[in-house]
Amino acid sequence: SEFQYDYEVYHSMEEIQSWMFEMNRTHPHMLDMFSIGRSYEGRPLYVLQLGKRTRTYKKAVWIDCGVHAREWIGPAFCQWFVKEALNSYRHDSSMRRLINQLTFYVMPVFNVDGYHYSWKVDRFWRKTRSKNAKYHCRGVDANRNWKVKWCEEGASSHPCDDTYCGPYPESEPEVKAVAKFLRKHKRRVKAYISIHAYAQMLLYPYSYKYATIPNFNCVETAAQNAVSALYSAYGVRYRYGPASTTLYVSSGSSIDWAYKTGIPYAFAFELRDTGYFGFLLPETLINPTCTETMRAVRAIASGLLKKC
Amino acid sequence: YLYNNRYAGDQVLRITPRNEEEVQVLRRLFQNMSVDLWQPNSASLIHEGRAVDVHTGQNGTAGLKARLRQEHIQHSVLISNLQEEIEKQTGYRSSRKRR
């Protein structure tokens, strides 16, 4: 029977994993599913590789969702992106061009343990679920655990804080697995995109310092195009710019690590809204939020196919 | 009830510190209170003129509001009953399940 999946509701970790298996089974020529490791609690870290298989060299885009457990709109967007890309391949020539010329690595849930915990126990859990021998508090902020200016301004060294950076960089198996994968594929990965919520912003390096990145003009243009594309859907305005000035200074973040690793375009989206619902964005807003964000991500990906 | 109704009566307040003095008051306040900061996600990241969204438990809300009034710090209620919003967020699903 036709696989019915409702992309306009939030799904549990188990449902998302089943969806991945089903999409992999039903789109063998466009999708490839693999695990890049296991979480602290032993869950597989699945990634979907989206794109036409070719022997030739192809640039790649990495998209991760759900770094922070309570930001449920992230995983909803990653699933929406895969569904839209596959559904529009036949009738949308620009999407077809993107999929033919780029490889998309999509990780629907980065923080699989935290997401599961936010479904079952604490809706507002943010961190991973690793244990700390000396403290009763659990979890590390996976976006303070990357090896770049690790555990300095904007991060906390106290295990009970929400911005705890961890005992050492890449201490979290989820962060270590993604870092290892991106290091391995860094020659091909030209864009790193991390989906967060909420604030309606598009952020790029640096987060840990007030300085301008070397390829500022190209990245700023890509960001401008992205937020313009997003605005074109429903008129929602996003702020954009370097994370340190647009949001706040924070060290150990994934976009700074990706950029330092050599990925020229690194973005973090903070999706809807600006505080009215916050982390509790209603399911009725999944469709418009994902539709507008899809336009922004497509704009960034299209930019990779042009020279800058 | 989802999550065993643990968020009944919890609220989310929006506080906008207008000057450095209010920033310091808030930082001190949140160092000593167990609150769930939604935005920014750490007291050290509170800045002048930037909205602070904070989730407070049923028992702590009145006290925090009283303290904010005492310090004449502007604040408003973003979400007056968190449990209701949680039920609404995935209410569609549970009604579907019931159906």
Side-chain angles (χ1 to χ4, degrees), chain A residues 6 8-12 15 68 70-73 76 117-127 137 141 143-144 152-158 160-165 196-201 207 244-250 270 273-286, chain B residues 1-8 10-17 23 27 30-57 75-97 99:
Chain A
D6 190 346
E8 300 195 33
V9 297
Y10 295 111
H11 289 277
S12 67
E15 289 170 344
H68 293 132
R70 59 191 180 188
E71 299 167 15
W72 285 9
I73 187 64
Y117 191 73
S118 75
W119 264 77
K120 298 296 180 195
V121 182
D122 180 350
R123 173 65 188 76
F124 303 109
W125 187 258
R126 165 184 168 87
K127 301 190 283 185
C137 300
D141 183 334
N143 208 24
R144 300 291 188 280
E152 295 196 18
E153 194 176 344
S156 165
S157 54
H158 195 294
C160 295
D161 283 347
D162 251 359
T163 52
Y164 176 46
C165 58
H196 294 254
Y198 60 91
Q200 295 181 187
M201 290 180 180
S207 309
S244 55
T245 49
T246 311
L247 192 53
Y248 39 67
V249 170
S250 74
E270 292 279 357
D273 58 13
T274 53
Y276 190 80
F277 291 107
F279 300 123
L280 293 176
L281 200 71
E283 292 179 322
T284 49
L285 292 179
I286 290 176
Chain B
Y1 288 106
L2 284 176
Y3 304 96
N4 297 321
N5 207 30
R6 67 182 278 186
Y7 300 104
D10 287 15
Q11 294 195 335
V12 177
L13 305 185
R14 170 157 289 184
I15 306 163
T16 308
V23 166
R27 284 185 182 170
F30 293 149
Q31 298 296 342
N32 302 311
M33 279 179 83
S34 71
V35 291
D36 170 18
L37 272 169
W38 280 23
Q39 189 173 268
N41 24 57
S42 159
S44 64
L45 299 172
I46 293 175
H47 289 291
E48 185 180 332
R50 279 278 178 84
V52 176
D53 296 344
V54 58
H55 161 202
T56 63
H75 61 281
S76 59
V77 176
L78 278 187
I79 301 176
S80 55
N81 189 325
L82 215 44
Q83 184 71 28
E84 275 179 22
E85 280 311 312
I86 286 177
E87 303 287 351
K88 263 192 251 172
Q89 183 182 52
T90 53
Y92 173 75
R93 174 186 301 276
S94 52
S95 62
R96 190 172 69 209
K97 207 178 259 176
R99 213 176 23 251

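Owing to the predicted nature of the structure, the values given are computational and were not obtained by experimental measurement. Naming convention: chains lettered A, B, ... in sequence-line order (proteins, then strands); numbering from 1 in each chain.
Contacts between B:Leu37 and chain A at a heavy-atom distance below 4.5 Å involve the backbone alone (N, CA, C, O). Both the backbone and the side chain of B:Leu78 come within less than 4.5 Å of a heavy atom in chain A. Of the two parts of A:Ser156, neither the backbone nor the side chain holds a non-hydrogen atom closer than 4.5 Å to a non-hydrogen atom of chain B. Interface remark: B:Asp36 contributes side-chain atoms only to the contact with chain A (heavy atom separation under 4.5 Å). With a 4.5 Å cut-off on non-hydrogen atoms, A:Ala155 does not touch chain B at all.
Formation of a donor-acceptor pair under 3.5 Å by the B:Arg14 side chain with backbone atoms of A:Tyr276 is not found in this model.
With chain B as the partner, the residue from A:Leu280, A:Asp162, A:Thr274, A:Val249 showing the most heavy-atom pairs under 4.5 Å is A:Leu280. Put simply, of B:His55, B:Glu85, B:Arg50, the one with the most heavy-atom pairs under 4.5 Å next to chain A is B:Arg50. Comparing B:Asn41, B:Val12, B:Leu45, B:Asp53 by heavy-atom pairs within less than 4.5 Å of chain A, the highest count is held by B:Asn41.
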Worksheet item: Step by step, would you call B:Tyr7 with A:Asp122 a side-chain contact (heavy atoms from CB on, under 4.5 Å)?
Response: CA-CA 10 Å; B:Tyr7 300 104; A:Asp122 180 350; 2.9 Å; yes
Worksheet item: So B:Gln39 and A:Leu247, side-chain contact (heavy atoms from CB on, under 4.5 Å) or not? Walk me through it.
Response: CA-CA 10 Å; B:Gln39 189 173 268; A:Leu247 192 53; 5.8 Å; no
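Between B:His47 and A:Tyr248, the ring centre distance reaches or exceeds 6.0 Å.
The distance from the CD atom of B:Gln89 to the CZ atom of A:Phe279 is 11.5 Å, given to the nearest 0.5 Å.
Using a cut-off of 4.0 Å between Lys/Arg side-chain N and Asp/Glu carboxylate O, A:Arg123 and B:Asp10 are scored as not salt-bridged.
Ring geometry for A:Phe124 against B:Trp38 counts as tilted: the plane angle lies between 30° and 60°, on a 0 to 90° scale.
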